Protein chains: 2
Amino acid sequence: MDKRVFKDQAYNELAKITKALGNPRRLEIVDLLAQGPFSVEKIAEQTSLSIANASQHLQVLKGARLVEIDKKGNFIYYRLTNDEVFKTWRALRDLGFRLNAEAEKLVNNFYRSGQKPTPIPMEDLYNGNYDKDTLILDVRPGEEYHRGHIANAISIPINELSERLGELPSDVKIIAYCRGPLCVYADEAVNLLRKNGIDARRLKEGFPDWKSQGFSVEMSN
Amino acid sequence: MDKRVFKDQAYNELAKITKALGNPRRLEIVDLLAQGPFSVEKIAEQTSLSIANASQHLQVLKGARLVEIDKKGNFIYYRLTNDEVFKTWRALRDLGFRLNAEAEKLVNNFYRSGQKPTPIPMEDLYNGNYDKDTLILDVRPGEEYHRGHIANAISIPINELSERLGELPSDVKIIAYCRGPLCVYADEAVNLLRKNGIDARRLKEGFPDWKSQGFSVEMSN
DNA sequence: CTACTATTCAATAAAGTAATTGAATAGATT
DNA sequence: AATCTATTCAATTACTTTATTGAATAGTAG
């Protein structure tokens, strides 16, 4: 085995992993799995894929060892193999934002165009640069909130928000967050809240970023 | 534009970048460019590609904005767009080592099998956990050393090492380094030095890792 | 054992990617 | 202007990836 063969094998192995990540659907699946384990069915639903197609993509991710499975009853739950998978996804995501002005424009202009306030970096929130009566609002599905959420955050899933506006104290300031910077739930929440005269902004990042950073989290009992 | 279209576009943009990285030759090129700018010819030579093929891969990397060019005379020099490209490559590389036992075995067993001493993590070297008479040896090509190297390191390119053994003080301890963990120059150097009775080990990482970590570097005058 | 359900497999068609070769371009030198 | 050189482009071939569809599997519940 000469040098070149050795190098080829090493880079080939790395390229396999990178290729497994190099597909928009699979990146979306990884982004979703950063919230925790999901069944194939849920993954398919959340990513608008057919179940067979989602399963196929999950096989690819599993083949690259990026995800692992747990069987529970009739269901198979997929999850990221370890936190480094999330960190790599995050590196790619942030590199993408930095490199690709198009993607950047999309993220900044679509749901957050015009009158939208700028998102709050999570470091700012962590450092307590906000009124202590500011409410942290988790708008992800209830199940994801229960698995883990930012300490002291309250949960109102985005699809319940309009009916539950009355639960919010008057004159409250809100920081809404969801799955990550690509997740639009928080943008929708900010939209809705501001239409109702509430001072709301979104967190730039999502719960997995917060957790991976080692910031304080809570789980529901 | 509905939610799904927005999400698709965002993930598509990220997948473009990831796909551009998802090829063994291009990963090798990125790894090489972490040393600094190189002409197409040099890149082709270092990666054992034809010039046309190297150019093709470079176009793909440029299309994804991962590399940029500088024209000088007849030559076009390619370089990484910014340090985040290197950091993303590093995240992928380290994830690969972690996930892929095969690749891990290759790296650890081929050039560094059996009697080889374990590589030294750069943090250990930086923290001064070694005799102060330990010599840091840069075995990359002279040009790369001149562009930048670990502070106090001396340069003996790997292909000159056997003839220049006499330059080394007797009873010296050596830590050799090269381009990165996949680079075998340092392994070859350790091999050769130990055959000549010199206490030598390799640095696990390479110069770009050292520099990106913010550890002290020097440039040749 | 039967029926049911979640998931995977297999086959197909369409699209994209990689290496090779030789021609074309564009900038520098004479 | 003619020549030289580094690089890119274009065309080809072989190969890989993706989405779709429907069938197969393997567990669970009745």
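Note that these values count all heavy atoms, side chains included, but never hydrogens, waters or copies made by symmetry. Per chain, numbering begins at 1; letters A, B, ... match sequence-line order. Since the model is a prediction, treat every value here as computed from it, not as a measurement.
Closest approach of A:A34 and A:P208 over heavy atoms only: O-CG, 3.6 Å. Taking all atoms of both residues into account, the shortest heavy-atom contact from A:R179 to A:P141 is NH2-CG, 3.8 Å. Across every non-hydrogen atom of B:E28 and B:Q46, the tightest pair is OE2-O, 4.0 Å.
Between A:Y77 and the phosphate of C:dT7, there is no side-chain N or O to OP1/OP2 separation shorter than 4.0 Å. Of the side-chain N and O atoms in B:N23, one or more sit less than 4.0 angstrom from OP1 or OP2 of C:dA18. Residue B:N53 places at least one side-chain N or O closer than 4.0 Å to OP1 or OP2 of C:dA19.
To the nearest 0.5 Å, atoms OG1 (A:T47) and NE2 (A:H57) are separated by 8.5 Å.
Listed nucleotides D:dT7, C:dT7, C:dT8 differ in distance to A:Y78; the shortest reach to its side chain belongs to C:dT8. Side-chain proximity of B:N74 to the nucleotides C:dT7, C:dG27, D:dT21 is greatest for C:dG27.
Taking atom CZ on B:F75 and atom C1' on C:dA26, their separation rounds to 14 Å, with Å as the unit. Across the protein-nucleic acid pair, B:L49 atom CG and C:dA19 atom C1' stand 10 Å apart, rounded to whole Å. One atom, CD1 of B:I29, and another, P of C:dA18, lie 11 Å apart when rounded to the nearest Å. Between A:Q59 atom CD and C:dA6 atom P the separation is 17 Å, expressed in whole Å. In this structure, A:H57 places its NE2 atom 14 Å from C1' of C:dT8, rounding to the nearest Å. Between the CG atom of B:L27 and the P atom of C:dA18 there is a distance of 11 Å, given to the nearest Å. Atoms CG (B:D8) and C1' (D:dT18) sit 14 Å apart, rounded to a whole Å. The nearest whole Å value for the distance from the CG atom in A:D70 to the P atom in C:dT7 is 13 Å.
The residue among A:K72 and B:I76 whose nearest nucleotide of DNA chain D lies closer to the 5′ end is B:I76. Mapping A:K71 and A:R26 onto DNA chain D via the closest heavy atom, the residue that lands nearer the 5' end is A:R26. Comparing A:K19 and A:A52 against DNA chain C, the residue whose closest nucleotide sits nearer the 5' end is A:A52.
Aromatic ring pairs are classed by plane angle as parallel below 30°, tilted from 30° to 60° and perpendicular above 60°; the pair B:F75 and B:Y77 is tilted.
Two residues are said to be in side-chain contact when any heavy atoms from C-beta on lie closer than 4.5 Å; A:D138 and A:I150 fail this criterion. Residues B:D83 and B:S212 have side chains in contact (heavy-atom distance under 4.5 Å, counting atoms from C-beta outward).
One axis for each end of the helix from C:dC1-D:dG30 to C:dT30-D:dA1, each built from five base pairs, and the angle between them comes to 20° at 10° resolution.
A donor-acceptor contact under 3.5 Å links the side chain of A:Q56 to the base of D:dA19.
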